[in-house]
Chemist: 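One structure, as structure tokens, below. Some questions next.
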Amino acid sequence: MPAPQNFAYKVAEVVALIPPGRVSTYGAIANYLGTGMSARMVGHVLGKSIEGHTVLPAHRVVNAQGLLTGAHAFPPAHSMEDRLAQEGVAVIDNRVVDFGRLFWDPARHL
DNA sequence: TCGATGACTATAG
DNA sequence: CCTATAGCCATCG
């Protein structure tokens, strides 16, 4: 590991710890990291990490509305909801069904 | 060091 | 439901 950025590293850790069949939000992760509501960093650094060499289940990370905002910028974008569906997460119109129940809070679990 | 950017969030109309 | 505006802060050139 060539000195991974602390922020990116923590994001990778948390995202990698998200159990299958569960989804998390940028705000929750940002809050857990102590970055407050700067959820943009989570998604941005996540995208950078994923394009670099780190393979993270980014498809399990959605916005506060349960919308697959990442699917718009994730290469094979359409596979994002497919992956969620395979893990037991129903996705309709880029929106997670029962998002409130499938929501996984890192600060709560950790 | 500075400026622009963005996979966000919340509030308002 | 949709658009607009403001706040947020790490990353990149």
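Because the structure is a prediction, the values reported are computed rather than measured. Each chain gets a letter, A, B and so on, in the order the sequences are listed, and its residues count up from 1.
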Chemist: Distance from A/Ile29 atom CD1 to A/Ser24 atom OG, nearest 0.5 Å?
Modeler: 4.0 Å

Chemist: Can you list the residues that meet the salt bridge (charged side-chain N to carboxylate O under 4.0 Å, His left out) rule with A/Glu87, with sequence neighbours excluded?
Modeler: A/Arg60

Chemist: Output the residues of residues 60-71 of chain A in contact with DNA chain B, where contact means a heavy atom of the residue under 4.0 Å from an atom of the strand; sort by number or write none.
Modeler: A/Asn63, A/Ala64, A/Thr69, A/Gly70

Chemist: Applying side chain to side chain contact (heavy atoms under 4.5 Å, CB included), can you list everything that pairs with A/Arg83, at least two apart in sequence or on another chain?
Modeler: A/His59, A/Phe74, A/Ser79

Chemist: Checking A/Thr35 now: which residues fulfil side-chain hydrogen bond (donor to acceptor under 3.5 Å, both in side chains) with it, not counting sequence neighbours?
Modeler: A/Ser38

Chemist: With sequence neighbours left out, write down each residue that passes side chain to side chain contact (heavy atoms under 4.5 Å, CB included) with A/Glu13, or none if nothing qualifies.
Modeler: A/Tyr9

Chemist: For A/Val45 and for A/Arg95, locate the closest nucleotide of DNA chain C by heavy-atom distance; then report the residue assigned to the nucleotide nearer the 5' terminus.
Modeler: A/Arg95

Chemist: How would you give the extent of chain A contacts on DNA chain C, as first and last nucleotide 5' to 3' within a 4.0 Å heavy-atom cut-off?
Modeler: C/dG7 to C/dT11

Chemist: Got a sec, which hydrophobics cluster with A/Phe99, joining ILVMFWY side chains under 4.5 Å apart, including via others?
Modeler: A/Val23, A/Val62, A/Leu68, A/Met80, A/Leu84, A/Val89, A/Val91, A/Val96, A/Leu102, A/Phe103

Chemist: For A/Asp98, what residues pass the salt bridge (charged side-chain N to carboxylate O under 4.0 Å, His left out) criterion, not counting sequence neighbours?
Modeler: A/Arg101

Chemist: Tracing side-chain links under 4.5 Å among I, L, V, M, F, W and Y, which residues wind up in one group with A/Ile92?
Modeler: A/Val97

Chemist: Please give me every residue in residues 27-39 of chain A whose heavy atoms get under 4.0 Å of an atom in DNA chain C, ordered by residue number.
Modeler: A/Thr35, A/Ser38

Chemist: Can you run down the side-chain hydrogen bond (donor to acceptor under 3.5 Å, both in side chains) pairs that involve residues 61-73 of chain A, sequence neighbours left out, and say none if there aren't any?
Modeler: none

Chemist: If you look only at pairs with a residue in residues 64-82 of chain A, which of them pass as a salt bridge (Lys or Arg N to Asp or Glu O under 4.0 Å), with sequence neighbours excluded?
Modeler: none

